[in-house]
Colleague: 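If you scroll down you'll find the structure; I have some questions about it.
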Amino acid sequence: MLRVVVCVSGGGTNLQAILDCAANGTLPGVEIVRVIANNPGVYALERAKAAGVEGLCISPKEFGTREEFNDALLAAVSEAQPDLIVLAGFLVAIPPRMVAAYPNRIINIHPSLIPSFCGKGYYGLKVHEAALARGVKVSGATVHFVDEGMDSGPIILQRAVAVQDGDTPQSLQRRIMEEAEWQILPEAIRLIAQGRVQVGTDRTTRITERQAQ
Ligand code: GRF
């Protein structure tokens with residue numbers, strides 16, 4: 001069983017996509033064991049509760065220093081003994097100690113085709129505002145492993161979504177969530193659970209064929 005901890009900061013629609021797949025049997029061998037939010041009262045925690053998954057909040061506001069928050073976050077994650085940590089709309093810089101403790105075992109969903117519109121300052125609607133301002137005809141989403149950088153780890157899956165005339169940042173965000181994020185994040189977890197994602201020394205990934213059962 002692949003034990004998964006999901007970290008969230010907001011509405012939790014990506015978490016919901018994972019929970020739905022776990023509930024409908026399309027994520028065999030995967031158990032969501034804990035949901036961790038960095039803000040109290042986010043709807044993602046309601047989604048976890050409705051699915052019977054333990055949810056807790058580790059808020060930076062509860063700690064005197066960033067280091068104390070980082071310690072508490074890492075403790076809350078490791079206490080759940082995860083095999084995989086999924087950042088699903090999690091707007092917290094992952095402490096280097098946590099990246100080092102879980103090499104190629106933390107994945108993130110980013111709402112663009114990395115390396116476009118990613119890195120410092122590119123999150124939420126800002127990503128789509130930048131894409132529309134640049135006039136790209138295609139955007140999409142990326143699932144990647146988390147390394148010590150921001151949105152810079154090995155890419156696992158990507159899915160393209162056409163930009164439509166008249167798109168607003170909101171309409172583009174919604175379409176990318178529906179057509180890309182909510183599909184490729186569960187798929188990446190599925191592939192990892194099946195042991196089919198290999199990271200090369202060149203920090204690119206290869207998806208291997210399904211082993212005959
Ligand atoms: C989504 O656009 C996701 O790509 C980004 O955060 C936004 C909110 O995600 N990382 P969610 O609804 O909280 O899953």
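Each ligand, and each atom within it, is numbered from 1 in the order the structure gives.
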Colleague: Does ligand 1 have any atom sitting under 4.0 Å from a heavy atom of I109?
Modeller: yes
Colleague: Between E54 and K49, does any NZ, NE, NH1 or NH2 come within less than 4.0 Å of an OD or OE carboxylate oxygen?
Modeller: no
Colleague: With no hydrogens and no angle check, is any side-chain donor or acceptor of E31 less than 3.5 Å from a backbone partner on M1?
Modeller: no
Colleague: Would you call R97 and E67 a salt bridge, taking side-chain N to carboxylate O under 4.0 Å as the test?
Modeller: yes
Colleague: With sequence neighbours left out, what residues match P154 under side-chain contact (heavy atoms from CB on, under 4.5 Å)?
Modeller: N104, F145, V199, R203, T205
Colleague: Around Y123, counting heavy atoms of other residues, nucleotides and ligands shown, do more than 12 lie under 6.0 Å from its OH?
Modeller: no
Colleague: Which residue supplies the protein heavy atom nearest to atom 12 (O) of ligand 1, what is that atom called, and how far is it?
Modeller: T13 OG1, 2.6 Å
Colleague: Take H144 and T142 through the test side-chain hydrogen bond (donor to acceptor under 3.5 Å, both in side chains) and record every step on the way to the result.
Modeller: CA-CA 6 Å; H144 62 92; T142 302; over 6 Å; no
Colleague: Report the nearest protein non-hydrogen atom to atom 9 (O) of ligand 1: residue, atom name, distance rounded to 0.1 Å.
Modeller: N14 ND2, 3.6 Å
Colleague: Could you see which bit of Q16 sits under 4.0 Å from ligand 1, with heavy atoms only: side chain, backbone, both or neither?
Modeller: neither
Colleague: Got the closest protein heavy atom to atom 8 (C) of ligand 1, with its distance?
Modeller: M177 CE, 4.1 Å
Colleague: Evaluate L15 for polar contact with ligand 1, using N/O atom pairs at a separation under 3.5 Å.
Modeller: no
Colleague: Kindly state if atom 1 (C) of ligand 1 has a protein heavy atom within a strict 4.0 Å cut-off, that is, under 4.0 Å?
Modeller: yes
Colleague: Within a strict 4.5 Å, meaning less than it, do heavy atoms of the L87 and I106 side chains meet?
Modeller: yes
Colleague: Any heavy atom of G124 closer to ligand 1 than 4.0 angstrom?
Modeller: no
Colleague: Give me each pair satisfying salt bridge (charged side-chain N to carboxylate O under 4.0 Å, His left out) with a member in residues 121-131, each pair once, sequence neighbours excluded.
Modeller: none
Colleague: Between the side chains of N38 and S9, is a donor N or O closer than 3.5 angstrom to an acceptor N or O?
Modeller: yes
Colleague: Any N/O of E181 closer than 3.5 Å to an N/O of ligand 1?
Modeller: yes
Colleague: If you take the nearest heavy atom of each of G89, G12, A44, which one is closest to atom 13 (O) of ligand 1?
Modeller: G12
Colleague: If the cut-off is 4.0 Å to any non-hydrogen atom of G11, which atoms of ligand 1 fall inside it?
Modeller: 13 (O)
Colleague: I want to know if ligand 1 touches H110 in the polar sense, i.e. an N/O pair below 3.5 angstrom.
Modeller: no
Colleague: Which of the numbered atoms in ligand 1 are under 4.0 angstrom from any heavy atom belonging to Q173?
Modeller: 2 (O)
